[in-house]
Amino acid sequence: MPLQRVHFAEEVPEVFRASLQAIRRELEVPAEFPAEVVAAALEAAQNPRLPELDRTDLEFVTIDPPDSMDLDQAVYIERNGDGYTVYYAIADVAAFVQPGDPIDAEARKRGETLYAPDKRTPLHPPELSEGAASLLPDQVRPALLWTIQVDSAGEGTDVSCKRALVKSRAKLNYAGVQKDLDAGTASESLQLLREVGKLREQRELERGGVNLPIPDQEVVPTNGDWKLEFRAPLPIEGWNAQISLLTGMGAAHLMMYGEIGILRTLPESHDDLRRKLENTAKALGIAWPVGTSYAAFIHALDPKVPAHAAMLAGCTVLFRGAGYTSFSGGVPEQPEHAAMKSEYAHVTAPLRRLVDRWTGEICVALCGDTPVPEWIRESLDDIPKIMEECDRKAHAYERSIVSMVEAGLVADQVGSEFDGVITDVDEREPSRGIVALSTLAIEGRVTGSSPLPLGQPVRVKLVEADIAARTIAFELVG
């Protein structure tokens with residue numbers, strides 16, 4: 001689950017450009033691809049490994065942000081009796097990338113695609129990720145074809161994965177699909193996507209799972225100044241995400257049964273985390289009734305409400321501690337992703353995330369009753385380490401960008417006072433903690449009396465807002 005991403009309604013202001021470059025230098029974010037990697041990508045684009053099975057008859061479409069070109073996923077859904085058949089085509093990166101080749105070696109260094117307001121840093125060369133391997137419309141592409149049977153209650157009852165040729169009929173975007181669904185003009189497959197998505201959301205709530213509809217942050221110009229706003233995701237974004245989650249759970253089931261794979265795992269949350277989130281809710285004026293679970297509370301939030309959007313962004317702490325667990329010849333002692341209340345695996349974004357190539361290959365082998373490739377087995381324990389490091393970098397990158405923007409938006413208000421609530425107190429130094437502002441949905445370090453009044457409304461003064469250092473600091477008033 002990503003942190004909220006920052007977008008600018010207009011061109012990125014010059015004041016932020018130098019800081020963005022500094023962030024990339026600090027975190028050693030890769031620049032352009034080496035010449036040998038680009039050459040290998042161009043060669044691979046001309047000579048992919050193509051499967052025999054042809055399923056270009058299925059009327060797939062992709063649904064992504066309008067400017068996306070790295071299209072990992074295409075969906076088509078049919079009614080099947082009183083249930084559904086979900087077809088989910090995933091870009092077959094392994095059709096272009098061979099173990100040990102220059103593209104593979106570079107991808108293992110990068111781990112995943114990184115995002116910033118001014119540029120993307122892709123996992124694979126654009127010649128593949130936005131070209132030959134992407135599920136672009138009206139192009140025949142090799143794919144991993146997931147076929148999932150779903151019953152009338154939204155539960156998956158059977159899953160299979162095999163290589164096939166597919167052809168997307170259209171490159172759709174969320175706003176356009178939502179408009180067509182609301183107007184009743186969407187295709188039958190998209191209407192079934194809404195049905196299945198809603199059923200899956202209900203199953204998620206019933207099992208106590210949490211899938212955050214994390215809002216994006218957009219910086220918009222207002223009367224010659226800048227303002228931070230949250231963009232609430234559309235319902236279709238949640239329904240589409242449920243298909244990806246359904247596929248990831250099916251993949252985890254296959255790998256657990258086959259006793260080999262890589263799961264996305266997360267331990268159970270602790271009481272301190274609940275306390276922090278309750279304090280954040282209090283800071284934002286959101287009621288959290290006694291006895292209400294994480295899942296029920298989060299499902300009740302409306303990302304179109306600014307305070308709720310800020311709360312959802314704060315709830316990303318629920319996913320801290322998530323990792324990857326590889327296994328072979330047995331199953332993990334703790335295989336579950338606690339936030340989802342289920343076993344789960346990443347398999348649906350191989351153009352943007354390294355591990356998905358491994359899990360996809362494992363599932364194809366298990367479904368085809370063929371041996372898992374030796375290169376997979378040899379590197380099985382390496383991938384969680386690679387992903388842990390690249391996840392750390394991705395989170396640091398996004399956190400740095402969010403902090404930079406927040407500091408920039410209040411940089412001219414140093415000395416001003418704000419209302420807020422103390423959401424966290426340092427156990428070793430109880431005069432230090434975190435304050436969440438009640439109106440700006442911004443958090444920052446705060447110092448004051450010892451101990452700070454945890455969970456209580458306070459008045460604070462902004463004493464530091466440094467764009468270059470990406471820091472905001474407050475002092476307790478009175």
Side-chain angles (χ1 to χ4, degrees), residues 51-64 71-92 135 137 140-172 177 180-181 184 186-204 206-207 211 235-258 342-345 347-350 356 359-360 362-369:
E52 294 182 5
L53 179 62
D54 187 329
R55 291 312 313 265
T56 54
D57 58 305
L58 297 174
E59 297 185 357
F60 284 108
V61 297
T62 60
I63 312 173
D64 294 273
L71 310 181
D72 287 291
Q73 310 137 4
V75 63
Y76 175 67
I77 302 178
E78 294 178 334
R79 197 175 294 281
N80 184 359
D82 60 355
Y84 312 85
T85 299
V86 175
Y87 297 100
Y88 208 38
I90 304 301
D92 186 3
L135 302 183
V140 176
R141 292 288 192 253
L144 303 189
L145 176 59
W146 290 85
T147 304
I148 307 173
Q149 303 302 328
V150 178
D151 66 20
S152 59
E155 290 292 353
T157 59
D158 187 66
V159 58
S160 68
C161 178
K162 60 181 67 175
R163 284 193 154 84
L165 294 173
V166 301
K167 182 180 180 181
S168 171
R169 300 303 196 269
K171 178 180 181 289
L172 306 180
V177 173
D180 289 345
L181 286 170
S187 68
E188 182 180 2
S189 174
L190 292 176
Q191 293 182 50
L192 294 178
L193 171 60
R194 175 172 55 189
E195 283 187 34
V196 175
K198 286 183 174 181
L199 289 170
R200 292 297 300 173
E201 287 176 338
Q202 184 61 33
R203 299 286 75 73
E204 180 178 77
E206 290 174 356
R207 70 175 184 269
N211 178 36
I236 181 60
E237 295 179 64
W239 303 329
N240 197 46
Q242 287 294 333
I243 303 302
S244 183
L245 293 172
L246 171 69
T247 306
M249 292 176 189
H253 173 78
L254 289 173
M255 290 188 285
M256 290 286 285
Y257 182 80
S342 172
E343 291 88 19
Y344 172 67
V347 291
T348 62
D356 298 48
T359 50
I362 292 169
C363 290
V364 166
L366 293 174
C367 289
D369 198 25

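Atoms considered below: every heavy atom in the structure, side chains included; atoms not considered: hydrogens, waters and symmetry mates. The structure presented is a predicted model; accordingly, all values stated were derived computationally and were not measured.
Within the model, atoms CG of L144 and NZ of K162 stand 12.5 Å from one another, a figure rounded to the nearest 0.5 Å. D72 contributes atom CG, which lies 7.5 Å from atom CG of D356 (distance to the nearest 0.5 angstrom). In this structure, the separation between CG on L71 and CD1 on I63 is 11.5 Å, given to the nearest 0.5 Å. Here the CG atom belonging to L58 is positioned 8.0 Å from the CZ atom belonging to R169, to the nearest 0.5 angstrom. Rounded to the nearest 0.5 angstrom, M249 CE and M256 CE are separated by 14.0 Å. Note that CD of E78 is 9.0 Å distant from CG of L192, once rounded to the nearest 0.5 Å.
Between Y88 and Q73 the shortest side-chain heavy-atom distance falls below 4.5 Å. R55 has its side chain within reach of L53: a pair of non-hydrogen atoms, C-beta onward, lies under 4.5 Å apart. Inter-residue side-chain proximity for V347 and T247 is flagged as met; some heavy-atom pair is nearer than 4.5 Å. Annotation: side chain of I243 is in contact with side chain of V86 (closest heavy-atom distance under 4.5 Å). Between D158 and I148 the shortest side-chain heavy-atom distance does not fall below 4.5 Å. Q242 has its side chain within reach of E201: a pair of non-hydrogen atoms, C-beta onward, lies under 4.5 Å apart. Looking at I236 and L190, their side chains never come closer than 4.5 Å, going by heavy atoms from C-beta outward. Between W239 and L181, the closest side-chain pair of non-hydrogen atoms falls below 4.5 Å.
For Y344 against A252, the heavy-atom pair with the smallest separation is N-CB, 3.5 Å. Nearest heavy-atom pair across L199 and S152 is CD1-O, 3.5 Å. Residues A91 and P350 share a closest heavy-atom pair of O-CG, 3.2 Å. The minimum heavy-atom distance linking P142 with L135 is given by the pair O-CD2, 4.5 Å.
Checked by atom type and distance alone, the side chain of D151 pairs as donor or acceptor with a backbone atom of G154 at under 3.5 Å. Judged by distance alone, the side chain of S168 and the main-chain N or O of A170 form a donor-acceptor pair under 3.5 Å. Here the side chain of T56 pairs no donor or acceptor atom with the backbone of V166 at under 3.5 angstrom.
No side-chain donor from either of Q149 and T157 sits under 3.5 Å from a side-chain acceptor of the other. A donor-acceptor contact closer than 3.5 angstrom links the side chains of T348 and S244.
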Apply side-chain contact (heavy atoms from CB on, under 4.5 Å) to C161 and L145, showing your working.
CA-CA 5 Å; C161 178; L145 176 59; over 6 Å; no
Would M255 and I362 count as a side-chain contact (heavy atoms from CB on, under 4.5 Å) here? Give the steps.
CA-CA 8 Å; M255 290 188 285; I362 292 169; 3.9 Å; yes
Applying side-chain contact (heavy atoms from CB on, under 4.5 Å), run through I77 and T85 and close with a yes or a no.
CA-CA 6 Å; I77 302 178; T85 299; over 6 Å; no
Given the rule in the side chain to side chain donor-acceptor pair (under 3.5 Å) test, do Y84 and E195 qualify, once you have shown the distances and angles that lead to the verdict?
CA-CA 10 Å; Y84 312 85; E195 283 187 34; 2.7 Å; yes
Stepwise, does the side-chain contact (heavy atoms from CB on, under 4.5 Å) test hold for R200 with L245?
CA-CA 9 Å; R200 292 297 300 173; L245 293 172; 5.8 Å; no
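For D369, the CG atom counts as loosely surrounded, since its 6.0 Å shell holds 12 or fewer non-hydrogen atoms of other residues, nucleotides or ligands. Counting non-hydrogen atoms of other residues, nucleotides and ligands closer than 6.0 Å to NZ of K171 gives a total above 12.
The aromatic rings of Y76 and Y87 sit parallel to each other, their planes meeting at less than 30°, with 60° as the upper class boundary.
Residues D92 and R163 are paired through a salt bridge, judged by an N-O separation under 4.0 Å between the basic side chain and the carboxylate. A salt bridge links E206 to R203: one of the charged nitrogens lies within less than 4.0 Å of a carboxylate oxygen.
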